[in-house]
Protein chains: 2
Amino acid sequence: MTLDMLLRATELITEDMTTALRADGLTQARAKALWGVAARAPLTQRELADALEVTPRNVTTLVDALEEAGFVARGSHPDDRRAIWVDLTKKGRTAVARMEKAADQLAEQLFGGLSPEELAAATRALASVAEHFTA
Amino acid sequence: MTLDMLLRATELITEDMTTALRADGLTQARAKALWGVAARAPLTQRELADALEVTPRNVTTLVDALEEAGFVARGSHPDDRRAIWVDLTKKGRTAVARMEKAADQLAEQLFGGLSPEELAAATRALASVAEHFTA
DNA sequence: TATTGTTATACTCTATAACTATA
DNA sequence: TATAGTTATAGAGTATAACAATA
């Protein structure tokens, strides 16, 4: 029952996020890629592929789309002429900041009504789920 | 933070389920469709499309794959010669039973170690998420 | 030889639009 | 006219394999 509810809750949240991202011209996969760039920029496409756990070929398409939309820019790697430097543009930084803010607001709406004890217990429960898989 | 953990937990669970489904020759989308058939069989493709909230065209492909793999069978609708009756095969029933059992076992592994208080708090947190979106 | 990123190709999931057979 | 399901077409996300440029 709790498993069903967990999956259902995420489905609803993901739907909501997908709608919000569409307003910025982003999909889930592209937002995740943009997020990955933001966390490590500047980085090579190979590094981004490893971070996202997808193939380099997949990253080519994702970066193509993000570059086309103006969120990231490709440039020369200073030391390795095979590699491509990917960095955030100003538009990309703005979009990431907006995503962070939206995530915070959503979290407040979703969990703001819980007591500190409940929130702590729920967090522990979710942590134990993650532990089960990473252990 | 809790939002991150919720999304992360579901990501891990989904990964795990995807691997398990692959052993049965099923993808997430096909398993969901099979599940939809199991809950209502026999039913028309139109009814399945409504239940899954996808287009009739999408259902054609999903049922094609499930039929090809022997999980469901198409048949004539008794009253409407336009419509197609979809029903589970014996293999389909077996697969659904196995999926149910696997879900129960996973839930036990994930949540069996929690105290009743933690489990109750987690359930309330998840319920409040669902309420936020359905209200 | 090994690595970076690309082109070529393919499969899955999804959608809209046009069409056929039936209601 | 309206509905059920299909063919035609398209976009997105993913993968493997072969290749060019560079290390």
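Keep in mind that what you see is a predicted model, and the values were worked out from it rather than measured. Every chain is numbered from 1, with letters handed out A, B, ... down the list of sequences.
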Give a yes/no on whether any side-chain N or O of B/Thr55 is located under 4.0 angstrom from OP1 or OP2 of C/dA15.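 So the side-chain polar atoms of B/Thr55 do come within 4.0 Å of the phosphate oxygens OP1 or OP2 of C/dA15, strictly under.
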
Taking only side-chain N and O atoms of A/Arg74, does any of them lie within less than 4.0 angstrom of OP1 or OP2 on C/dT6?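 Indeed, a polar side-chain atom of A/Arg74 lies that close.
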
Distance in angstrom units between [X] [atom1] and [N] [atom2], rounded:
{"X": "B/Gln28", "N": "C/dC13", "atom1": "CD", "atom2": "C1'", "value": "12 Å"}
{"X": "B/Arg22", "N": "C/dT12", "atom1": "CZ", "atom2": "P", "value": "13 Å"}
{"X": "B/Ile84", "N": "C/dT20", "atom1": "CD1", "atom2": "C1'", "value": "13 Å"}
{"X": "B/Leu62", "N": "C/dC11", "atom1": "CG", "atom2": "P", "value": "17 Å"}

Checking contacts here: which listed nucleotide (D/dG13, D/dT22, C/dT14) is nearest the side-chain heavy atoms of B/Thr61?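 Selected nucleotide: C/dT14.
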
Sugar-phosphate, base or nothing in reach of [X], heavy atoms under 4.0 Å:
{"X": "A/Val59", "answer": "nothing"}
{"X": "B/Arg57", "answer": "base"}
{"X": "A/Thr60", "answer": "base"}

Position toward the 5' end of DNA chain C (nearest nucleotide), B/Ala29 or A/Asp64: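 Taking each residue's closest nucleotide, the earlier one in sequence belongs to A/Asp64.
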
Is B/Arg46 side chain donor-acceptor paired with the D/dT3 base, going by distance under 3.5 Å alone?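 Answer is no: no donor-acceptor pair is held.
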
Which heavy-atom pair separates A/Leu88 from A/Arg93 by the least distance, and what is that distance?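 Here A/Leu88 and A/Arg93 meet closest at O-NH1, 3.5 Å.
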
Taking all non-hydrogen atoms of both residues into account, name the closest pair between A/Phe71 and A/Ala95 and its distance.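 Heavy atoms only, the tightest pair is CE2-CB, 3.7 Å.
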
Under a 4.0 Å N-O cut-off, is there an ion pair linking B/Arg74 with B/Asp64?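 Yes, B/Arg74 and B/Asp64 are salt-bridged.
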
